[in-house]
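This chain uses plain numbering: 1 for the first residue, then up along the sequence.
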Amino acid sequence: MAIQESGEMYLETILVLSEKLKLVRSLDVAQEMNFSKPSVSRAIGILKNEGYVQVDEQGGLNLTTEGKKIAQKIYERHVVLTQMLVKLGVDEKTATEDACKIEHHISDKTFKALKKHLQAPKKNN
């Protein structure tokens with residue numbers, strides 16, 4: 001079953017928060033995403049049922065292997081797309097917002113081509 005864009009956003013947020021916090025809770029996700037606690041609880045329940053997230057006895061959210069794989073893929077797209085847009089002259093705030101929209105819809109093939117182009121050494125004219 002393919003994960004929805006909103007699910008990808010939740011997984012990415014949990015991944016990013018887990019780099020900053022020892023324990024990531026639904027409340028932290030709600031605050032980070034500026035969503036209501038009931039909305040986050042409902043989404044976490046779905047992600048848990050689909051096998052992307054586990055909730056420990058302290059209420060901590062942990063990504064499963066599959067959840068982490070998806071989160072890392074989306075986060076990498078976010079970082080690379082933001083860098084690319086900034087290099088094109090877009091201000092960082094707009095680049096970040098636009099990368100967040102693009103990261104969920106860009107094909108693997110196109111993303112690989114953009115990433116390769118971004119990492120290619122520059123030729124002197």
Begin with the C-alpha distance, continue with both residues' side-chain angles, and end with the deciding distance and a verdict on side chain to side chain contact (heavy atoms under 4.5 Å, CB included) for K48 and L61. CA-CA 9 Å; K48 184 179 169 189; L61 305 176; over 6 Å; no
Steps toward side chain to side chain contact (heavy atoms under 4.5 Å, CB included) verdict (R42, K37): CA-CA 9 Å; R42 192 168 34 258; K37 287 182 270 183; over 6 Å; no
Joint cluster assignment, [X] & [Y], ILVMFWY side-chain distance < 4.5 Å:
X: L23; Y: L17; answer: no
X: F111; Y: I102; answer: yes
X: L27; Y: M33; answer: no
X: L21; Y: V29; answer: yes

Could you tell me whether a side-chain N or O of [X] sits under 3.5 Å from a main-chain N or O of [Y], the two making a donor and an acceptor?
X: S39; Y: F35; answer: no
X: T82; Y: H78; answer: yes
X: D98; Y: A95; answer: no
X: T96; Y: E92; answer: yes
X: S18; Y: L15; answer: yes
X: R77; Y: A99; answer: no

One pair to check against side chain to side chain contact (heavy atoms under 4.5 Å, CB included): N62 and V24. What are the steps and the verdict? CA-CA 8 Å; N62 299 294; V24 177; over 6 Å; no
Spacing of [atom1] belonging to [X] relative to [atom2] belonging to [Y], to within rounding of 0.5 Å:
X: L81; Y: E103; atom1: CG; atom2: CD; answer: 7.0 Å
X: E50; Y: L11; atom1: CD; atom2: CG; answer: 9.5 Å
X: I46; Y: S41; atom1: CD1; atom2: OG; answer: 11.0 Å
X: T110; Y: H105; atom1: OG1; atom2: NE2; answer: 13.5 Å
X: I70; Y: E12; atom1: CD1; atom2: CD; answer: 12.0 Å
X: Y75; Y: K68; atom1: OH; atom2: NZ; answer: 13.0 Å

Side-chain contact test, heavy atoms from C-beta onward, threshold under 4.5 Å: evaluate it for E32 versus K20 and give yes or no.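 SC-SC contact between E32 and K20 confirmed.
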Would you check if K73 and E8 make a side-chain contact, meaning some heavy-atom pair closer than 4.5 Å?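 Side-chain contact under 4.5 Å: no.
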Sequence neighbours excluded, which residues qualify as side-chain hydrogen bond (donor to acceptor under 3.5 Å, both in side chains) partners of K115?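 Once residues adjacent in sequence are excluded, the partners of K115 under the side-chain hydrogen bond (donor to acceptor under 3.5 Å, both in side chains) criterion are E76.
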Side chain to side chain contact (heavy atoms under 4.5 Å, CB included) between V40 and Y10, intermediate numbers included: CA-CA 8 Å; V40 172; Y10 279 101; 3.9 Å; yes
salt_bridge(K101, E97) N-O dist < 4.0 Å: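 Looking at K101 and E97, the cut-off is not met.
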